[in-house]
Amino acid sequence: MPAAIPRLGVNIDHVATIRNARGGAHPDPVRAAQAAAEAGADGITLHVREDRRHVREEDLARLSTSVTLPINLEMACTPEMLAMALAAHPNACCLVPERREERTTEGGLDVARGHNEVAPYVTRLRDAGIRVSLFIDPHPVQIAVAHALGAPVVELHTGAYCAAVTSGDIMRAETELDAIRAAAAAGAALGIEIHAGHGITFDSVGPVAAVREIAELNIGHFLIGEAIFTGLDAAVRRMRALMAEARTR
Ligand code: PXP
């Protein structure tokens with residue numbers, strides 16, 4: 001059974017989005033990672049995208065030498081990203097789908113359809129001693145194929161649930177939450193470590209953090225946005241407090 005309170009991985013991509021808007025060095029995502037660590041984050045997550053719209057490989061390299069927390073690299077299944085991951089050797093890699101025209105990772109990786117494409121990436125990363133996670137929709141078929149692929153971890157896409165919470169659609173939110181709960185239980189029963197993330201806010205975190213099989217949440221955009229108003233330290237501390245409250249209730 002996972003630890004009493006899920007780990008919090010803070011995604012620092014959007015600090016780099018703001019930096020890149022002016023092409024300079026400020027605000028520095030590595031400094032944000034250090035601030036998140038001081039506020040109690042358990043890991044740092046980043047997604048180097050094909051178009052480098054936010055963090056870049058230099059950020060990954062600097063992070064590796066500047067923070068002691070585990071680093072989770074989100075990456076598409078491409079030879080370029082695999083080479084980068086093998087060179088940087090983060091603690092974990094989360095395989096995600098990627099389309100240039102999307103604003104963010106809009107759905108999970110369809111491992112049922114893309115099994116043959118994904119399989120060699122799982123093998124190469126596992127062989128290199130990197131913990132591999134598959135970012136999938138909370139669906140029984142995706143869980144079963146993730147297991148067949150030998151993935152030790154899956155991250156359940158919480159975007160549909162969080163969107164329902166934000167729009168006030170309580171029935172929809174409950175349906176999406178049931179799918180997350182069922183996928184988490186099915187995955188854990190197969191021995192897979194369960195993570196979750198995407199779109200999580202202070203309003204939506206509680207019910208996800210309360211799912212006992214979930215060992216880690218990865219949260220980015222909301223925390224960085226909230227940091228504008230309260231500072232990153234306060235935003236991370238409040239998120240962790242809400243996670244702890246939900247799990248121990
Ligand atoms: N987990 C994965 C696999 C993601 O791709 C993302 C977005 O980069 C997140 C978590 C974090 O999502 P958000 O920025 O909406 O909190």
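In listed order, ligands and their atoms are each counted from 1.
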*Among Arg7, Glu155, His198, which one satisfies side-chain hydrogen bond (donor to acceptor under 3.5 Å, both in side chains) with Asn218?*
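Option passing the side-chain hydrogen bond (donor to acceptor under 3.5 Å, both in side chains) with Asn218: Glu155.
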*For residues Val165 and Asp203, report the shortest heavy-atom separation together with the two atoms involved.*
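Closest heavy-atom pair between Val165 and Asp203: CG1-O, 4.1 Å.
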At less than 4.0 angstrom from any non-hydrogen atom of [X], what atoms of ligand 1 do you find?
{"X": "Asn218", "result": "10 (C), 11 (C)"}
{"X": "Asn11", "result": "8 (O)"}
{"X": "Val96", "result": "3 (C)"}
{"X": "Gly220", "result": "13 (P), 14 (O), 16 (O)"}
{"X": "Ile219", "result": "16 (O)"}
{"X": "Gly199", "result": "12 (O), 13 (P), 15 (O), 16 (O)"}

Is [X] close to ligand 1, meaning an N/O of one under 3.5 Å from an N/O of the other?
{"X": "His221", "answer": "yes"}
{"X": "Glu74", "answer": "yes"}
{"X": "Cys94", "answer": "no"}
{"X": "Glu155", "answer": "yes"}

*asked:* Take a 6.0 Å sphere around CZ of Arg31 and say whether it holds more than 12 heavy atoms from other residues, nucleotides or ligands.
replied: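 Check fails, neighbour count at 12 or below.
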*Does atom CZ of Arg172 have more than 12 heavy-atom neighbours from other groups under 6.0 Å away?*
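No, CZ of Arg172 has 12 or fewer neighbouring heavy atoms, counting only those of other groups under 6.0 Å.
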*Donor on one side chain, acceptor on other, Glu98 and His47, under 3.5 Å*: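 The criterion, which ignores hydrogens and geometry beyond distance, is satisfied for His47 and Glu98.
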_Option of least heavy-atom distance to atom 7 (C) of ligand 1 (set: Glu216, His198, His54, His157)_ =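 Heavy atom nearest to atom 7 (C) of ligand 1 belongs to His198.
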*For a salt bridge (charged side-chain N to carboxylate O under 4.0 Å, His left out) with Arg181, tell me which candidate from Glu213, Glu174, Glu176 qualifies.*
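Of Glu213, Glu174, Glu176, salt bridge (charged side-chain N to carboxylate O under 4.0 Å, His left out) with Arg181 is met by Glu174 alone.
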*Is Arg240 reaching over with its side chain to a backbone N or O of Gly40, donor-acceptor style, under 3.5 angstrom?*
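Present.
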*What is the ring orientation for Phe135 with His157, classed by angle as parallel under 30°, tilted 30 to 60°, or perpendicular over 60°?*
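Parallel, since the angle between the ring planes stays under 30°.
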